[in-house]
Peer 1: 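Take this structure, written in structure tokens, and hold onto it; I'll ask about it next.
In what follows, chains are A, B, ... by sequence order, proteins preceding strands, each numbered from 1.
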Amino acid sequence: MTDNMPQFFQELFHLETSDCLTFLFYFIGAFILVNIASVIGGLATYAERKISADMQLRIGPNRVGPYGLLQFLADGAKMLMKENIMPLMADRFLFNIAPMLCLVGIFATLAVLPISGNLTLAHLDVGVFYVVAISSLVGLGIFLGGYASNSKWSLLGGMRGASQIISYEIPVVISILSIVLLSGGTSFKTIVHHQGGLPHEWFVLHNPFTFIAFIVYFIGSLAEANRAPFDLPEAESELVSGYHTEYTGMKFAFFALAEYVEVFVLCGVGATLFLGGFNVPFGLDTFLSKTPFPLLAEVVQLGAFFTKTFALYYLVIVIRWTLPRLRVDQLMSLCWKYLTPIALFNLIGTAIWMVYFHDQSIVEIIKAAGSHAGGGH
Amino acid sequence: MVSLSSFLFLSFVLFLTGLMLVLGRKSIIFVLIGLELILNAAALNFVAYSRFVTEKLDGHLFALFIIVIAAAEAAVALALAIRFYQLKETTHLDELSELKH
Amino acid sequence: MLVVAIEKERTFEKVAIVSFLTILFILSALLMLVSCLALLLTKNIMHACTFLLAALLGVAGLYLTLHADTLAVTQVLVYVGGVVILMLFAVVLTGGQDQESITKEKFPHLAPLFGSKSTFLKAFLVSMIFFVAAASLLRLGEKEIVHVVAVNYAPTIQSLGQLLMTDYLFAFELVSVLLLGALIGAALIARPMKK
Amino acid sequence: MDYSFWNIAPIILFPLGAFVINAFVGCKLYRKGDFISVGAIFASFLYALRIFKDVIVDQHSKDFYVHKVFTWFDLSVGDFPFKIDMGFYIDSMTATMLLMVTGVATLIHLFSTFYMAGDAKYGKFFVFLSLFTSAMLALVLSDNLLSIFIFWELMGFCSYSLIGFYVEKEAAGNASIKAFMTTRVGDVLFLLGILAIYNIVGSISIVDIYSALAMGSFEGQSVIGVSALTFIAVCLFGGTIGKSAQFPLQVWLPDAMMGPTPCSALIHAATMVAAGVYLSLRMYPVMVAGGITDFIALIGVITAFGAATIALIQTDIKAVLAFSTISQLGYMVMGIGVGAYNPSFMHLITHAVFKACLFLAAGSVIHSLHDHHTHGHVQEMPRMGGLRKKMPYTFLAMLCCTLAISGVPLFSGFVSKDRILGDALYFGMVHPHKWMMIVPVLGFITAGLTAFYMFRMLFLTFFGAPRDEEVYNHCHKEHFSFTQNFPLLLLSLFTLGVVYSGSLTGLGKINIPVVGKEWFSTLITMPKVEDFTQREKVKMMDSHLPEKFETSHYHVHEASEMTHEEHVLHKAHSIGAITSIIIAFLGIFFAYLMYISKGLNPAKWESAFSCWNKALKERYYFDHFYEKILIGKGLHGFNNALAWFDLNVYDRYVIDGWEIIAKKIYLGLSWFDMKIVDAIVDLSGTIIRFFNVTLRTMQTGRIQFYFVVLFLALSGYMLLTRI
Amino acid sequence: MENPQVLADSSQGLSVFMPILILMVLGVVIFWGAVLVAGLIRPSKPSKLKQTAYECGELPVGQAWSHFNIRFYVTGLIFIIFDVESALMFPAASVFKKLNSIGLGGLALIEILLFVMILVAGIAYCWSKGDLDWVKSLSSKEK
């Protein structure tokens, strides 16, 4: 099993390894990944409008392309055509920097996203830690965006958005911590390796504490991506779509893109941490990798990963159109008075569970108890 | 090639800018930024020596603790700055001279 | 400056000049130097915060070149994700960027070094020259470095965690007390004033 | 029975527990907690009975012993041993003493519930009674002189507090102090003896003393010039003199009668005074080795004869009994002196029984006679008379005991006193100095006197017409009450001779089948020092497993051919027995003549021996001698001289002298302080002012200026250290 | 501390970080590329009205940076303290499983427990003092 993507391909195509070749593979991989991510972002807008329409018994976009699939390209083109207006007293330098920061923050996390065994771009040993760190750039981008557009509302929206993102980052990080605790390493590879293919081997059903961690993680990531019940900063009704009111044209497009890709990344990370990432049930991928077409194993793993991620994404979208928006103080008290304490005690709970049950999942304990009681050989 | 002295040079630059900010600027926030830079310079030195000379991780840990303490310090300092602003309606350092003889 | 530094080291074994390490080093060093310079020159405090952000990212990159990956990520998480945002909040809460940030009147006692913007630049250059002279005079760099072994990069989070939990346990617990103190202190100070 | 700690200790702990409970909680309890004291002493009695049965009845040989020891403290440093071991030592003598003390004490406790009923300090009485009994029992059980001395003192304290029980009476207070002081004189001598022994032997356990004697470690030692053994013997005997009220120190016992009668019965008749004799019995080998047996015999006889004569003219019923106790104690001491070890101990036991019974009977008599004017009890015999019909049971008990004490055969008194007199006679005959015959002669005379004054008391109180009508009428008829009469009758039962000698007449001729054993004399014998050397001590807490004894101890020595001494001894005993019976009946007859049939007129006899009579009234002027001369002239003078010395010499020169020197030093110091120290202080003041001025200007209030200074200082330091 | 090499699983040097750098650079390039391209295509007729801050139609009033409530800062403060805590917890957590397997699990648990509990105490303090609730109604304070 090679340890990173370029080496995998070099062995596949039997090329001798060299620095610039690895760079080339990395660059191609990165470029493809960025495009895929943008496409997924666009599709997400389409999917969201389609699903919300379906929930409200309307049809949703079906004009552009078959079933309206190319709607997002149309929006993108429209954005390109829009005029780039800059508020008068706005801080030119920061006004441009803000969306770039958001974008860079999100794209950096893509590098580590564990798509499949060999195709993930970078198997960082500090994988999860890195994702958490880099995604905090987004909060910064939002704040600067809000501040730079020199209007009271956008500033207020920016501050609220930033404070919401940074405060919800804590429960997310702590719930991730409990998973790191359980899997004994921060790299995605070890986390996925510790989970099996079948649902009962996933971390989400490993023990009650990880289940609560998953719930906290999911709620936290919703708030972090300014989605659904927590989308106060760009709430249309109150703050006139918050921090990116003054943004027009491509900058606004990139803000929106960054947002959707961030949801995708968060769902992907959630799937890897809790739902067993690219693990394929019944050891199908190991079986396939022995056959002459090792690439097939990768494809199967990709399939597993994307299905799980899109399942979570679907859930996110559905939630958007079911739950009402939270007020600011409710939002904050939910985070600090409920999620953080729960996450902290959850962390301690996982540690105690590991010490007490020696890292066994509920199913393993039952099986062990069963074998004792039964044969007891 | 990349060697210890290059890192020393870089940390010196950081230290110098931090010092200049702390001494030269009159706004509290600037002084705090300068302070952050000085702390980072020190941390960088630690890691550089840990990489090139001792090959042990103690330098990393030390830098880690510097970062932690710098964060706590920044939090408290900024709280003080805000309270100072609420009292004096300005962040200009020269106003902050009640301790004069 | 850079050339001098590179030529000085002697016993480093032959490694391809253009490796990822050097690219990363150059990029992050460049980012840091530029942002430091910008920090010195800017008057607008929000710009200063962004440049601080850039400088800290540069330092994170440097950590990476020094094979300290955990440290780089912590730096990003704590500084970039925390301190800078806090600074921004503080800036907004202390009246934005219209405050006067550079000293106007001459400094009574010391040399005019800390006067207007231009003097800053002069001061910066003078100090750079002073450093090089002192470094070469006192042979600061070489004396210690006797041997430099090209150590392969190894992930450090596990060993760092082990070190933290066993040898530096006391510091680990003490830090939490420090954080508690900071939290309570800052919360106390930042509590809204009762009119 | 295994002699574990918890089979022996309860004997002491029960009364001690009762003392503690009554002392603290007694007044709140039902009936002031008297049932606790009685129950406690009864429990001790049962335990003592168990030990008695095991030691005496269960065929143990006479040299059976239990010696359990624990280290009280061990401060020995290097080779200097300073270790005191304490513990229990039980042999046949201890067993009998235990039984006697607990038995008598139980009955006396019972009686005192009747006698003291209605008394204001009813509870307090039982507190001291319990403490006393536990102290006495502990003394009997203890295996070394130091613990004997400790409980000796404790008993002294209890007797002091019980004598002074009616503290409101000024005479009682004086009597208690007098009793305490005189016994204290004896105790000092006793302590000297103990210290001397410890100094020589290195341990004060009785077994160690015997083995030291056997190994002869006392020879050649001398204390203040006198040979060690004699010095020790004299000191120990001094303790007995003090405690058992012998010749020079017998003044306190008659005055001790101021205490309540049960207390006198228990303390001043049965147990405490017996403790002195018990000590001498224990230390008999030391006394013999010390060669002071003759001196002991003389002291014993003088005390006996003197007390008997004084008892002749006493009118107070309790005074008569007091003096009779002193004379009987004299008998016991004489017995020790003449070498009658076993009879002396038997006399101690029998005397304890009948004297306690006598005192209780006297107590019940006093209790029932009221005097309307003084609202007190009548104790003077002239106001009594004819109480026989009013108090039949008391009369019966009194009769038995009086018969016993006067040595009438068939009774215990005769058994023990006859043997002592027999041995005294033998001692007189065998003794090299002819004039030592005076000892048996005086002994026989005292026996006669005893019989006379005891029956005098009996006739005066119970026979003849009531002399004080009013008192007689008031005394109500006595019906059998358990607490009053039962103890008396039970005690009088034990005054029968058969109990002790196993033969009707006590001469060993006619054996009673039931008892059939001369058990007392064979069991308690003179300790032979040799077989004490290899006795092993058992740790206190681990139980003691008695060795198996093959030989039964009841080998009544067959009539082997008698050696010459035994022949003489036998002859002496037979003569002694006959003469003592004659004298006893002579005494009784005289008393009958004088008081019943009025044949002789007592007044006439008094006028005949007028000067002797006056001396008797004054108790041979002993009190006079002590108060006036010994203390008045001797002690006071000495005190005054000491006071003078302290005032004039000591105070003036030793203490006041220092004052002058102190003054001189002070002057020197003050000069130094003025000149030098003040100068320094002013100087520092000026320096501080100088710094103040210069430094003040540095504080410009600008933070950054401070920072610059800080930075420059720091970098300066770094540069300096680098170069 | 044994040599880091031993601990490291198979990752061949720093090139692992290459994609991150590439992606960041890619992000910047794409952003500025798109903006510049859009700049070329789209019309740019700046007008006074267009450039005023959008206030649902009314003219914007006063400076934007008016005085704000400090509660934003308090959240930031609590965030940074817990952020630092999680930064320290990550290495500790990643080693916990190995320590547990060795048998030192209990000790590690106590360490982590202590570390977390102290900060829980901090947040409890803030909670009791009312720093956490967003809307501080001064009136309720006086009651």
Side-chain angles (χ1 to χ4, degrees), chain C residues 19-21 23-24 27 61 64-65 67 69-70 72-74 77-78 81-83 85-86 88-93 95-98 151-167 169 172-173 175-177 179-184 186-188 190-195, chain E residues 1-5 7-9 11-18 21 63-65 67-74 76-81 83-88 90-96 98-99 104 107-108 111 114-119 121-123 125-126 129-131 136 138 141:
Chain C
S19 78
F20 171 70
L21 188 78
I23 298 167
L24 186 65
L27 268 177
L64 223 54
T65 47
H67 295 190
D69 56 355
T70 351
V73 176
T74 336
L77 175 70
V78 169
V83 172
I85 289 187
L86 216 62
L88 291 174
F89 274 170
V91 163
V92 167
L93 291 174
Q97 53 93 27
D98 57 2
V151 174
N152 197 338
Y153 156 72
T156 59
I157 188 156
Q158 292 278 359
S159 40
L160 209 60
Q162 184 134 9
L163 206 64
L164 196 60
M165 293 289 270
T166 48
D167 300 352
L169 173 61
F172 182 72
E173 302 303 339
V175 156
S176 66
V177 175
L179 289 178
L180 180 67
L183 174 63
I184 293 177
L188 202 66
R191 196 154 294 143
M193 296 254 288
K194 287 182 188 48
K195 287 293 173 298
Chain E
M1 250 321 289
E2 69 277 43
N3 194 319
Q5 251 72 14
L7 282 174
D9 51 14
S11 72
Q12 75 325 322
L14 274 181
S15 64
V16 176
F17 294 98
M18 204 181 284
L21 196 65
Q63 258 297 356
W65 305 291
H67 174 64
F68 274 89
N69 188 319
I70 200 162
R71 60 185 186 280
F72 287 105
Y73 177 73
V74 174
L77 166 71
I78 297 170
F79 158 71
I80 186 154
I81 297 292
D83 195 21
V84 165
E85 184 214 344
S86 55
L88 271 174
F90 259 103
S94 63
V95 169
F96 187 79
K98 196 152 70 65
L99 284 176
L104 289 169
L107 184 71
E111 283 158 24
L114 207 63
F115 185 76
V116 168
M117 274 311 145
I118 290 177
L119 285 161
I123 196 164
Y125 166 81
C126 290
K129 288 291 176 196
D131 286 350
K136 280 184 244 339
L138 291 178
K141 279 283 178 307

Peer 1: Quick one: pull up CD in E85(E) and CG in L179(C) and give me the separation to the nearest 0.5 Å.
Peer 2: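 Interatomic distance, E85(E) CD to L179(C) CG, rounded to 0.5 Å: 7.5 Å.
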Peer 1: Which heavy atom in A92(E) sits nearest to a heavy atom in F172(C), and how many Å separate them?
Peer 2: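 Closest heavy-atom pair between A92(E) and F172(C): CB-CZ, 4.1 Å.
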Peer 1: Can you tell which part of L64(C) gets under 4.5 Å to a heavy atom of chain E, answering side chain, backbone, both or neither?
Peer 2: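 Its backbone and side chain both get close to chain E.
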Peer 1: Calculate, to the nearest 0.5 Å, the distance between atoms CZ and SG belonging to R191(C) and C126(E) respectively.
Peer 2: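 Going from CZ on R191(C) over to SG on C126(E), the span is 7.0 Å.
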Peer 1: Would you mind reporting whether S176(C) and L114(E) have side-chain heavy atoms less than 4.5 Å apart?
Peer 2: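 No, every pair of side-chain atoms sits at 4.5 Å or beyond.
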Peer 1: Which pair of heavy atoms, one from A187(C) and one from D131(E), lies closest together, and at what distance?
Peer 2: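 Heavy atoms only, the tightest pair is CB-OD2, 3.2 Å.
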Peer 1: Heavy-atom distance under 4.5 Å to chain C: side chain of L21(E), backbone, both or neither?
Peer 2: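 For L21(E), side-chain heavy atoms alone lie under 4.5 Å from chain C.
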Peer 1: Mind listing the closest non-hydrogen atom pair of S86(E) and L77(C) along with its distance?
Peer 2: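 Of all heavy-atom pairs spanning S86(E) and L77(C), the closest is OG-CD2, 4.3 Å.
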Peer 1: Please flag which part of I184(C) lies under 4.5 Å from any non-hydrogen atom of chain E: side chain, backbone, both or neither.
Peer 2: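 When you check distances to chain E, atoms from both the backbone and side chain of I184(C) fall under 4.5 Å.
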Peer 1: Report the option among I118(E), I80(E), L104(E) that has the most heavy-atom pairs separated by less than 4.5 Å from atoms of chain C.
Peer 2: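 Option with the top pair count is I118(E).
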Peer 1: With a 4.5 angstrom heavy-atom cut-off, is it the side chain or the backbone of V73(C) that approaches chain E, or both, or neither?
Peer 2: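 Contact with chain E involves no heavy atom of V73(C) at all.
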Peer 1: Between V116(E), V84(E), I123(E), which shows the greatest number of heavy-atom pairs under 4.5 Å with chain C?
Peer 2: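 Top count of heavy-atom pairs under 4.5 Å with chain C: V84(E).
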Peer 1: Heavy-atom distances under 4.5 Å only: say whether F115(E) touches chain C with side chain, backbone, both or neither.
Peer 2: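 Both parts, heavy atoms under 4.5 Å.
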Peer 1: How close do A121(E) and L180(C) get, heavy atom to heavy atom, and via which atoms?
Peer 2: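 Scanning both residues completely, I find the closest heavy atoms to be C-CD1, 4.1 Å.
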Peer 1: Looking only at non-hydrogen atoms, find the nearest pair between I81(E) and A182(C) and report the distance.
Peer 2: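 Between these two residues, the closest heavy atoms are CD1-CB, 4.1 Å.
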Peer 1: Could you tell me which non-hydrogen atom of G81(C) sits nearest to which non-hydrogen atom of D83(E), and how far apart they are?
Peer 2: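 The answer is C-OD2, 4.4 Å.
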Peer 1: For chain E, find which of L188(C), L27(C), T74(C), L86(C) contributes the most heavy-atom pairs closer than 4.5 angstrom.
Peer 2: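 That would be L86(C).
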Peer 1: Going by distance alone, is a donor N or O of one side chain under 3.5 Å from an acceptor N or O of the other, for Q158(C) and K98(E)?
Peer 2: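 Judged by distance alone, the side chains do not pair up.
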Peer 1: Once you round to the nearest 0.5 Å, how far does CZ of F90(E) lie from OG1 of T70(C)?
Peer 2: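 Rounded to the nearest 0.5 Å, the CZ-OG1 separation comes to 12.0 Å.
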Peer 1: Between Y73(E) and chain C, with a heavy-atom cut-off of 4.5 Å, which part of the residue counts as in contact: side chain, backbone, both or neither?
Peer 2: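 Both parts, heavy atoms under 4.5 Å.
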Peer 1: Are any non-hydrogen side-chain atoms of L183(C) and Y125(E) less than 4.5 angstrom apart?
Peer 2: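 Side chain of L183(C) against side chain of Y125(E), heavy atoms only: no contact under 4.5 Å found.
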Peer 1: Take the angle between the ring planes of F72(E) and F89(C) and call it parallel below 30°, perpendicular above 60°, tilted in between.
Peer 2: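 Rings of F72(E) and F89(C): tilted, as their planes differ by 30° to 60°.
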